[in-house]
Q: 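Sharing a structure below in C-alpha cells format, with a few things to ask.
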Amino acid sequence: MPAGNAYAVPRLDGIPTEYQFTGGSDAAARLALTLISAGLADAATWAQVRGDPFAFIAGALEDFVEAHGGEELHKEFFLRLGLVSDLDPYACDGNETGLQDEMYIILEPDSAGYVVLEPTLRLLARTHPRLPITFFDLFTGALNRWVRVYDYRAALERVEQLQEWYESDPDGEQVELPGVEAAIPLCLRNKWNPLKPAAAERLLETVPNRRARVLVEAAMELNNISLKAMRPSIGQQAQERLADTNPPVPALVAVFNKHDAIEGCFDEECQGMLECTPEPNVILPLRPEDPVSVQETFRVLGVVCDVLRQAARLITVMMQLAQ
Amino acid sequence: MPRQKQVAQVGRRTVRHATGDLEAILAELRLLVEGRHSSQQTALERYRRCPEWKHASLVLARALSARAGRRRIAYLSAPPGWLPPLV
C-alpha cells in the first residue's frame, strides 16, 4: 500500500486484458499450409487476417466461391459454406484431436431458394410435348445430385405420409390434404419419357422458338456440369455421426405456380425440418495434410458452385417468365 | 464485399520482399502446426497439450475426493475441451 492518505490505482500495463482459447489452431494451420502449397490460398492475405489460421481458411474459401460465381449463385440460393472437423455439432465424446485427421467442407441452406416452373413448362410444351419432362428431368436431376430440391414428388410423399397418419386418427377423415396431383401440369402428367441427350440436341436444331431452345440448352449444360464430379464417400465413421440427423433441408423449392399445393406441402413440412439437426446438403471430406486430397475436394467444390451458378441463371430466367 | 488482396505487382525488389514474406508466413504456420507459436504458449494451451499435467491434476482431484470426512458428491462430466478434473 502506498504511504499517505491517497489511494493508488494499480497499473495494468503488460497484463493481458483479453484472454482467448481457441482449440484446433494447429489443425487449421496445417490446412492453411496445404492450401498455400496447393495454390488454393494467397499467402499475402495472412497479414490481413492477423495470423489467424481460421480466418485465413475462411478467406480462401470465400475467394474460391467468388471465383466460381459466388455473386451469381447467391442471387437465387441462400447457402452457408463451412469447414468442420466433426459432422455432429453436438458431439460430446471428448475426442478433441482424433477427427482432425479428416475435415469436411459442408454446404447447408440458411433458407430455400424458390422457382416457379409452370410458365417455362407451358412454353416448352407448345414447342414439343416431350420438352417439358426433358427440361424438368434435367433441371431437378442435375441439382439433386448435389443439393436437395423440394418438388412435387416430395410433396406427394408428404401427402402419402399424412394420409397414413390420419388413417389411424378417428378425426382424420375431416382433414383436407393438399391436392398435389391436381397441381401437376398436364405436360408432366402424360406418360412421356425424357428425351435422351442426343435426341434432345437433334430436336433443338429444329425448334424455332429461341427462348425455348436457350432454356433447354441451359438445362443440358447444367446437367453436363453436374456430371463433372461424383459425390465423395464420407466413410463409415462419418456416417455414424449423422445417424440421428434429419434429412437435408431443401436448398430449392420448385413449385408449378405461386402458392400452389406443392408450396403448401413445403410450408407445412418445413415446420418440423429443424426438430433434429439436418444433414448438410453437401459433405466433402478432406485430409488437411494431403495436398492431393485438398485439391480434389476443392475441385468438387468448384463443380458444386458451377452447378449452382448455372441453376441460378436458369432460375432467374424462369422467374422472369413467371412474372 | 470481395476482400482486397495485396500481391507483388512491380519490380524485383517487391517480388523479393514478397518471397521473404512467404517464407516468414510458412515458418509461422509451421510453428502453429507444431504448437510452438507464441500464441500457443499460454498456460491453458500448454495444459491442453501436456498429458502429464492433465494426469497430475487428475491424481490431485482424486486425492481430494477420497479424503476422509468428505461429503458424498457426484461430478458432472465436463464437455470436451473443458478443464478437468474429470473424475
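Naming convention: chains lettered A, B, ... in sequence-line order (proteins, then strands); numbering from 1 in each chain.
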Q: Under the side-chain hydrogen bond (donor to acceptor under 3.5 Å, both in side chains) rule, collect the residues that match up with A/R148, sequence neighbours excluded.
A: none
Q: According to the side chain to side chain donor-acceptor pair (under 3.5 Å) rule, which pairs have a member within residues 274-289 of chain A, sequence neighbours left out?
A: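 For residues 274-289 of chain A: A/R287-A/D290.
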Q: So which part of A/I36 gets closer than 4.5 Å to some heavy atom of chain B, the side chain, the backbone, both or neither?
A: side chain
Q: CZ of B/R36 to CG of A/D26: how many Å apart, nearest 0.5 Å?
A: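 These two atoms lie 13.0 Å from each other.
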Q: So with a 6.0 Å cut-off around CG of A/D244, is the heavy-atom count from everything else above 12?
A: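 Count not over threshold, so no.
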Q: Nearest 0.5 Å, please: how far is OG1 in A/T45 from CD1 in B/I25?
A: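 Interatomic distance, B/I25 CD1 to A/T45 OG1, rounded to 0.5 Å: 7.5 Å.
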Q: Enter the distance from A/F56:CZ to B/L32:CG here, rounded to the nearest 0.5 Å.
A: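 Answer for the CZ-CG pair, A/F56 versus B/L32, is 11.5 Å.
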Q: With chain A as the partner, which of B/H37, B/Q40, B/E34 has the greatest number of non-hydrogen pairs under 4.5 Å?
A: B/Q40
Q: Which atom pair, heavy atoms only, marks the closest approach of B/L22 to A/A43?
A: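 Where B/L22 meets A/A43 most closely, the heavy atoms are CD1-CB, 3.4 Å.
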Q: Mark yes when over 12 heavy atoms from residues, nucleotides or ligands other than A/R50 sit less than 6.0 Å from its CZ; otherwise mark no.
A: no
